[in-house]
Amino acid sequence: MTTLQSVPALGTHPASGSLPSRAETRDQLSRATYDLLVIGGGILGISTAWHAAQSGLRVALVDAGDFAGATSSASSKLLHGGLRYLQTGAVKLVAENHFERRAVSREVAPHLANPLTFYLPVYKGGPHGAAKLGAGVFAYSALSAFGDGVGHVISPAKAQRDVPELRTDDLKAVAVYRDGQMNDARMALMTVRAAVDAGAVVLNHAAVTGLRFTRGRVTGAELKDSTDGTEFGVDARLVLNATGPWVDHLRKMEDPNAAPSIRLSKGAHLVLKRTRPWRAALATPIDKYRITFALPWEDMLLLGTTDEEYEGDPADVSVTETDTAQILDEAAFSIRDQQLSRDLITYSFAGLRVLPGGPGDTSKAKRETVVTEGRGGMLSVAGGKWTTFRHIGRTVMNKLAALPGHPLAEDMEPMNRLPRKLPLPGIANPNAVAHRLLIDGPAPGPRMAPDTARHLATHYGSLAFDIARLANENPELAERVHPDAPEIWAQVAYARDHEWAETADDVLRRRTTLTIRGLATDDVREGVEKLLADRD
């Protein structure tokens with residue numbers, strides 16, 4: 001690993017000038033009265049801030065941790081219609097999910113999403129027969145207007161050519177359909193950038209310590225910057241509680257007698273090194289309602305997920321030995337033992353699904369978004385799916401426009417007058433970006449490695465050229481952070497100066513894939529912390 005010397009801050013945000021310091025941002029937040037204060041920097045809050053800023057509102061967004069620091073970076077990394085929702089007859093939901101999936105994958109963020117073929121193995125004695133699954137994947141593709149081909153059934157031998165570790169004992173047939181996947185943390189971060197480019201003011205690592213009230217109405221929040229302990233406040237005409245698993249905690253700040261509105265379901269995942277290349281994913285039915293996934297992702301294999309009610313502190317959610325055993329046992333239905341060795345596990349993570357309150361099995365609960373208004377006028381939004389993050393933002397904005405008295409309607413552009421498929425920053429064909437990075441390397445010195453070029457192209461789009469420029473100007477930044485990962489040190493400097501990275505975990509877990517690959521060693525962490533400390 002390269003030992004970095006002091007590398008100064010870069011200076012300018014490519015889209016909107018120099019990023020302000022935290023002190024400048026706190027001052028800006030403290031001095032103005034915002035139309036909308038969004039508390040919670042998960043994808044629901046980020047998407048709402050983006051759409052609100054597009055509509056012309058003055059928007060502030062704060063989060064107690066990092067952007068996408070909890071559930072929004074602990075998903076199954078899928079952009080999907082939700083095949084299993086057909087089981088419950090949610091045809092309209094699946095069609096809506098497909099529309100959003102196609103929009104994100106093809107027009108909003110083709111540089112951050114990629115198509116993925118899924119195989120549904122049908123085993124002797126399994127919960128579903130080949131005819132039923134064949135009809136299901138056909139109907140699923142029909143709801144996508146056959147835009148990704150026609151769902152069909154193939155032989156086990158053909159499937160094994162694409163998934164070499166597929167277990168073929170008692171395998172009768174394999175149903176095929178197509179969906180998409182992404183790096184959820186990168187998608188969220190690019191949406192933060194889009195919100196800022198539209199005029200929003202954002203600050204991570206700023207925890208709410210209390211709410212501000214004016215004549216019984218919530219009109220802002222008191223905050224504490226966790227990086228240095230500075231306390232400050234934000235005034236707003238309307239406050240949106242988008243804190244995910246903590247939504248009821250904030251509702252109790254508004255009204256100590258507020259009844260619980262949600263319940264939580266834990267989803268655990270394992271990340272493993274792959275023993276052989278995979279060209280398709282597996283979606284294996286476990287019972288009538290549940291599917292376990294095996295997804296080729298970031299040159300690794302992602303296994304999961306669990307689905308069980310969680311009643312503890314959201315901050316304490318983690319993957320237990322029981323979770324690990326369950327995931328490996330369920331994966332073993334369709335994957336050979338050599339791919340499921342515990343020695344191959346590089347990382348594990350768990351997120352919390354926010355579900356509407358009520359009884360019943362969490363695996364059968366609706367993944368719907370609920371927007372409520374509290375006693376003090378604070379809006380709370382909870383639930384929903386990653387795939388429909390843009391739709392959720394529009395839904396919240398329509399709710400804002402329809403509030404009694406229409407407090408913000410006169411100041412905001414209606415959603416139906418705004419671009420429906422506004423792209424995220426860096427939009428480009430990732431294949432073209434990777435090609436350019438490979439042929440446009442520095443005149444003297446080595447060319448960029450193909451895996452690094454591909455990684456930059458699919459995580460930054462055209463913004464990858466800014467990172468390549470840094471690497472060309474400073475050879476130390478062109479070195480790999482770890483020899484077994486595609487990331488280079490220029491990405492760390494870029495995260496520091498353009499992507500609000502404050503801590504080593506911000507960089508290693510969410511702006512790069514080093515933690516998930518199991519490569520966040522003490523030496524790597526020390527190098528990242530040193531580079532983060534070299535701010536202007």
Side-chain angles (χ1 to χ4, degrees), residues 15-16 32-61 79 92-93 95-113 144-145 147 187-202 236-242 368-373 377-428 461-462:
S16 56
T33 297
Y34 290 85
D35 296 315
L36 180 67
L37 168 62
V38 180
I39 301 173
I43 190 56
L44 269 66
I46 294 167
S47 179
T48 301
W50 180 31
H51 284 85
Q54 285 181 55
S55 77
L57 296 181
R58 198 172 194 180
V59 180
L61 168 69
L79 293 167
K92 182 179 179 182
L93 175 65
E96 177 187 277
N97 290 349
H98 271 313
F99 175 85
E100 287 296 316
R101 173 184 64 80
R102 292 196 308 271
V104 172
S105 299
R106 299 177 184 180
E107 296 161 277
V108 176
H111 52 313
L112 305 174
S144 185
M187 186 77 77
L189 197 64
M190 286 295 190
T191 311
V192 175
R193 290 184 65 128
V196 171
D197 289 346
V201 179
V202 305
R237 296 166 64 191
L238 193 71
V239 174
L240 178 71
N241 170 16
E368 62 185 17
T369 304
V370 179
V371 183
T372 57
E373 184 176 5
M378 181 174 71
L379 290 186
S380 294
V381 56
K385 284 167 50 64
W386 234 116
T387 303
T388 57
F389 73 96
R390 297 181 323 122
H391 175 73
I392 292 169
R394 293 193 300 269
T395 298
V396 176
M397 292 307 298
N398 289 331
K399 178 77 173 180
L400 294 183
L403 286 173
H406 305 288
L408 300 181
E410 293 182 0
D411 299 319
M412 57 185 281
E413 193 75 14
M415 284 293 101
N416 59 10
R417 295 186 188 175
L418 295 175
R420 188 71 188 270
K421 298 175 182 177
L422 195 67
L424 293 181
I427 184 170
S462 62

Can you tell me how far the NE2 atom of His391 sits from the OG atom of Ser47, to the nearest 0.5 Å?
-> 10.5 Å

Taking every non-hydrogen atom, the tightest pair across Ala53 and Val59 = N-CG2, 3.7 Å

Work out which heavy atom in Trp50 is nearest to a heavy atom in Pro423; give both atom names and the distance.
-> CZ2-O, 4.4 Å

Measure the spacing between CH2 of Trp386 and CD1 of Ile392 and express it to the nearest 0.5 Å.
-> 10.0 Å

Can any side-chain N or O of Ser105 pair as donor or acceptor with the backbone N or O of Arg101 at less than 3.5 Å?
-> yes

Spatial distance of atom CG (Leu403) from atom CG (Asn398) [nearest 0.5 Å] = 11.0 Å

Nearest-0.5 Å distance, CZ of residue Arg102 to CG of residue Leu79 = 13.0 Å

Salt bridge (charged side-chain N to carboxylate O under 4.0 Å, His left out) evaluation trace for Arg58 with Asp35 | CA-CA 5 Å; Arg58 198 172 194 180; Asp35 296 315; over 6 Å; no

Leu400 versus Leu238: any side-chain heavy-atom pair under 4.5 Å?
-> yes

Below 4.5 Å, heavy atoms only, C-beta onward: do Val104 and Thr387 meet side chain to side chain?
-> no

Nearest non-hydrogen partners of Ser462 and Ile427, listed with the distance | OG-O, 4.1 Å

To the nearest 0.5 Å, tell me how far Arg237 CZ sits from Leu408 CG.
-> 5.0 Å

Does the side chain to side chain contact (heavy atoms under 4.5 Å, CB included) test come out yes or no for Leu418 and Met397, once each step is laid out?
-> CA-CA 12 Å; Leu418 295 175; Met397 292 307 298; over 6 Å; no

Please report the shortest heavy-atom distance between Val396 and Val371, naming the atom on each side.
-> CG2-CG2, 4.3 Å

Excluding sequence neighbours, so at least two apart, what forms side chain to side chain donor-acceptor pair (under 3.5 Å) with Arg106?
-> Asp148

Does any N or O in the side chain of Arg390 come within less than 3.5 Å of the main-chain N or O of Arg420, such that one atom is a donor and the other an acceptor?
-> yes

OG1 of Thr191 to CD1 of Ile43, rounded to nearest 0.5 Å, is 4.5 Å

Return each pair, listed once, that meets salt bridge (Lys or Arg N to Asp or Glu O under 4.0 Å) where at least one residue sits in residues 393-410; pairs must be two or more places apart or across chains.
-> Glu100-Arg394

So Leu240 and Leu379, side chain to side chain contact (heavy atoms under 4.5 Å, CB included) or not? Walk me through it.
-> CA-CA 5 Å; Leu240 178 71; Leu379 290 186; 3.7 Å; yes

Minimal non-hydrogen separation, Met190 against Pro425, with atom names = O-CD, 3.4 Å

Minimal heavy-atom distance between Ala236 and Leu36, with the atoms involved, is CB-C, 4.4 Å

